[in-house]
Amino acid sequence: MNKEELIAQLKVLIKPYTTNTEAYDNLTEDTDFINDLSINSANLVDIVLDIEETFNIVIDDTDMQRMLDVKTAVEIIATKLAAK
């Protein structure tokens, strides 16, 4: 799965949690989940759980704390998928 496919899948997962539709529509690697998409920390945990379920991976606490933007999320997912 390439980076574009990961971003597209991630975009589907975060859609129910974002309140800023303009930022969502213009999502890039640099999009910040909290500052740009107005996703609160509780919903960020839900997104991580959705990512784990969708990609069949486990995201530890260290990675979860780093996962604040699209680029980092994609890097973590890609690393976990490569390690499978």
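Computation of the quantities below employed the complete heavy-atom set of this structure, encompassing side-chain atoms and omitting hydrogens, waters and symmetry-equivalent molecules.
Within the 3.5 Å criterion, the main-chain N or O of Thr62 finds no donor-acceptor partner in the side chain of Gln65.
Every residue two or more places apart in sequence or in another chain that forms a side-chain hydrogen bond (donor to acceptor under 3.5 Å, both in side chains) with Lys3 is listed here: Glu29. Residues passing the salt bridge (Lys or Arg N to Asp or Glu O under 4.0 Å) test with Lys15, sequence neighbours excluded: none. Every residue two or more places apart in sequence or in another chain that forms a side chain to side chain contact (heavy atoms under 4.5 Å, CB included) with Thr54 is listed here: Gln9, Leu13.
Here NZ of Lys11 is found 8.5 Å from OG1 of Thr31. Values are rounded to the nearest 0.5 Å. Considering CG of Asn20 and CG of Asn35, their distance stands at 11.0 Å, rounded to 0.5 Å.
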Donor-acceptor pairs under 3.5 angstrom involving side-chain atoms of residues 36-44: please list them, not counting sequence neighbours.
unit_1: Asp36; atom_1: OD2; unit_2: Asp32; atom_2: N; d: 2.7
unit_1: Asn40; atom_1: OD1; unit_2: Ala42; atom_2: N; d: 3.1
unit_1: Asn40; atom_1: OD1; unit_2: Asn43; atom_2: N; d: 2.7

N/O donor-acceptor pairs under 3.5 Å from side chains in residues 71-79, not counting sequence neighbours:
unit_1: Thr72; atom_1: OG1; unit_2: Asp69; atom_2: OD1; d: 2.8
unit_1: Thr79; atom_1: OG1; unit_2: Glu75; atom_2: O; d: 2.8

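Counting heavy atoms from C-beta on, the side chains of Leu49 and Ile59 never come closer than 4.5 Å.
Figure legend: cation-pi geometry between Lys80 and Phe55 absent, as NZ or CZ is not positioned both under 6.0 Å from the six-membered ring centre and within 45° of its axis.
No more than 12 heavy atoms of other residues, nucleotides or ligands shown are found within 6.0 angstrom of CD on Glu22.
Judged as a salt bridge (charged side-chain N to carboxylate O under 4.0 Å, His left out), not a single pair has a partner in residues 46-58 (not counting sequence neighbours).
In terms of heavy atoms, Asp63 sits closest to Arg66 at OD1-NH1, 2.8 Å.
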